[in-house]
Amino acid sequence: MSIEYVVVSEGEQDEPIELPTEEDGSLLLSTISAQFVGASGLKYRAGGRLRGLRLTEDRVLPPAEGWGAHRYFCAFPRVDIPTATTRPRCSDLIVLGLPWKTGEETVREYFSTFGDLLMVQVKRDTKTGLSKGFGFIKFAEYDAQLRALGRRHMIDGRWCDVRIPNSKDGSSAAHRKVFVGRCTESLTADDLREYFGAFGQVTDVFVPKPFRAFSFVTFLDPEVAQSLCGQDHVIKGVSVNISTASPKREHSGRSQLLGWSLLEGAAPRVYSWPPDAWQHSAHSAHSAHSHSTAPPDAKPYLKYE
DNA sequence: GTTGAGCGTT
């Protein structure tokens with residue numbers, strides 16, 4: 001069969017373009033997508049009805065009787081159906097805090113309850129073969145990854161954390177993490193996880209021990225983390241301040257002075273959620289203010305008046 | 001008392 005031209009348009013009403021076929025009479029999908037980005041196939045009218053063309057891996061095959069004089073137009077994938085390129089992909093996950101005795105079999109057995117595993121490693125000293133107390137796993141399904149992140153894991157009698165590793169930037173923790181300042185000792189990691197869980201899935205909470213007046217909260221979704229920055233929130237009666245988490249190493253005198261002075265003019269956004277959650281526990285004399293039944297942004301809670 | 005523990009021999 002020799003090369004011929006097939007008349008193709010994007011939609012039935014659009015201007016057609018002639019596309020060259022291959023020697024075997026087929027039309028390469030790449031030839032089609034060069035003109036119609038995102039097209040996944042071709043169809044045509046046959047006796048008033050739509051008829052689809054057979055598709056192999058990389059090419060569209062002509063109708064049984066040949067291309068003929070038909071006018072073809074493109075089929076497009078439904079945008080709301082996740083495809084391989086659209087669906088979030090699993091990343092390697094680091095498992096921190098493994099007991100020294102725990103080996104791959106135990107790790108695999110434990111995490112298999114979340115979903116199929118593509119990889120399990122326990123890192124060991126090359127000389128002694130002793131576990132370094134951490135390892136890596138990878139799930140086949142993103143849902144399983146979501147389920148495993150965002151909670152702690154009791155493995156061989158020890159609490160372990162699952163996180164997205166530092167090295168593989170791209171979904172790095174940097175933009176997903178917020179700094180929570182002005183914490184009091186009464187705020188536990190569980191308190192913070194529960195409170196911030198209402199804004200989006202929390203994948204990690206860090207509360208320094210011994211006590212320091214701050215914490216870190218990491219979200220799965222960077223947009224959630226970024227949206228909270230700059231706000232004050234009231235958690236169990238404690239007014240905390242949320243800001244961006246600066247990278248661990250580079251600290252040198254946070255050159256935020258300019259940013260802070262610029263922000264001062266704007267009214268602070270102050271939230272308390274859930275509205276009455278903290279009223280049932282011990283709280284300060286300032287609780288007399290009945291701010292807490294107001295919608296989140298209706299009335300700021302001013303700790304110092 | 002407002003910036004964190006630990007991160008991958010191939």
Side-chain angles (χ1 to χ4, degrees), chain A residues 90-104 107-108 111 117-139 145 148-149 152-153 155-156 158-189 192-193 196 202-219 225-226 228-235 238-257 259-261 263-264 268 270 303-304:
Chain A
C90 292
S91 50
D92 288 6
L93 301 175
I94 188 167
V95 185
L96 294 163
L98 290 171
W100 308 118
K101 64 176 180 189
T102 300
E104 254 118 30
V107 174
R108 173 174 290 280
F111 284 107
L117 288 161
L118 300 178
M119 182 270 288
V120 175
Q121 297 175 348
V122 170
K123 290 299 168 190
R124 298 170 183 284
D125 185 288
T126 39
K127 291 207 176 78
T128 66
L130 294 175
S131 167
K132 290 183 175 173
F134 68 91
F136 293 88
I137 60 174
K138 186 172 190 175
F139 286 104
Q145 169 164 327
L149 288 166
R152 304 240 283 158
H153 304 273
I155 303 174
D156 269 352
R158 200 172 191 285
W159 283 111
C160 301
D161 294 314
V162 170
R163 310 206 189 139
I164 292 171
N166 292 335
S167 47
K168 297 261 171 73
D169 274 0
S171 54
S172 135
H175 302 288
R176 302 187 294 112
K177 191 181 323 199
V178 295
F179 173 84
V180 183
R182 295 200 311 258
C183 291
T184 64
E185 210 158 0
S186 65
L187 288 180
T188 66
L192 295 171
R193 185 179 281 276
F196 286 108
V202 172
T203 60
D204 186 57
V205 175
F206 176 84
V207 176
K209 277 183 286 229
F211 170 75
R212 299 216 267 152
F214 64 87
S215 298
F216 287 99
V217 175
T218 307
F219 294 91
Q226 296 311 307
L228 292 173
C229 288
Q231 298 179 355
D232 290 316
H233 285 238
V234 180
I235 309 173
V238 179
S239 172
V240 301
N241 175 69
I242 303 172
S243 54
T244 59
S246 49
K248 222 173 287 187
R249 227 56 218 265
E250 60 129 10
H251 121 290
S252 65
R254 359 198 40 238
S255 52
Q256 294 276 354
L257 293 174
W260 282 10
S261 61
L263 282 171
E264 262 167 27
V270 182
K303 193 168 180 180
Y304 309 108

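Note that the structure is predicted; figures quoted are calculated from it, not measured. Labels below follow one simple rule: chain letters A, B, ... track the order of the sequence lines, proteins then strands, and each chain is numbered from 1.
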Please report the distance, rounded to the nearest Å, between [atom1] in [X] and [atom2] in [N].
X: A:Gln121; N: B:dG8; atom1: CD; atom2: P; answer: 11 Å
X: A:Met119; N: B:dT10; atom1: CE; atom2: P; answer: 14 Å
X: A:Leu93; N: B:dG6; atom1: CG; atom2: P; answer: 19 Å
X: A:Ile164; N: B:dC7; atom1: CD1; atom2: C1'; answer: 13 Å
X: A:Ile137; N: B:dC7; atom1: CD1; atom2: C1'; answer: 14 Å
X: A:Asp92; N: B:dG8; atom1: CG; atom2: C1'; answer: 8 Å
X: A:Arg182; N: B:dG1; atom1: CZ; atom2: P; answer: 12 Å
X: A:Arg212; N: B:dT2; atom1: CZ; atom2: P; answer: 10 Å

Would one find a side-chain N or O of A:Lys123 under 4.0 angstrom from OP1 or OP2 of B:dT9?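 For B:dT9, OP1/OP2 do have a side-chain N/O of A:Lys123 under 4.0 Å.
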
Would you say whether [X] stacks on [N]? The test is a distance between ring centres of less than 5.5 Å and an angle between planes of less than 30°.
X: A:Phe216; N: B:dG4; result: yes
X: A:Phe136; N: B:dG8; result: yes
X: A:Phe214; N: B:dT2; result: no

Would you name the heavy atoms of A:Arg158 and A:Gly97 that are closest together and state the gap between them?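 For A:Arg158 versus A:Gly97, the nearest heavy atoms are NH1-O, 2.8 Å.
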
Measure across A:Ile155 and A:Pro99 and return the closest heavy-atom pair with its distance rounded to 0.1 Å.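 Heavy atoms only, the tightest pair is O-CG, 3.3 Å.
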
If you check every side-chain atom of [X], which of [options] has the closest atom?
X: A:Asn241; options: B:dT2, B:dT3, B:dG8; result: B:dT2
X: A:Asp161; options: B:dT3, B:dG6, B:dG1; result: B:dG6
X: A:Ala245; options: B:dT2, B:dG4, B:dT9; result: B:dG4
X: A:Arg163; options: B:dC7, B:dG8, B:dT9; result: B:dC7
X: A:Lys177; options: B:dG6, B:dT3, B:dG4; result: B:dG4
X: A:Pro165; options: B:dG8, B:dT3, B:dT2; result: B:dG8

Using the test side chain to side chain donor-acceptor pair (under 3.5 Å), find all partners of A:Glu104 that sit at least two apart in sequence or belong to another chain.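 Here no residue qualifies.
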
By side chain to side chain contact (heavy atoms under 4.5 Å, CB included), which residues pair with A:Phe216, not counting sequence neighbours?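 Side chain to side chain contact (heavy atoms under 4.5 Å, CB included) check on A:Phe216 returns A:Lys177, A:Phe179, A:Phe206, A:Phe214, A:Ala245.
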
Taking the side chain from A:His153 and the backbone from A:Ala148, do they hold a donor-acceptor pair closer than 3.5 Å?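 Indeed, once roles are kept as given, a pair shorter than 3.5 Å links the two residues.
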
So what does A:Gly97 hit on the nucleic acid, given a heavy-atom distance under 4.0 Å: a base, only sugar-phosphate, or nothing?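 Answer is base: heavy atoms of A:Gly97 come under 4.0 Å of a base.
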
Below 4.5 Å, heavy atoms only, C-beta onward: do A:Val205 and A:Phe196 meet side chain to side chain?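 No, their side chains stay 4.5 Å or more apart.
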
In B:dG4, glycosidic geometry as syn within 90° of 0 or anti otherwise: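 Base orientation relative to the sugar is syn.
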
Position toward the 5' end of DNA chain B (nearest nucleotide), A:Phe211 or A:Pro208: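 In this pair, the answer is A:Phe211.
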
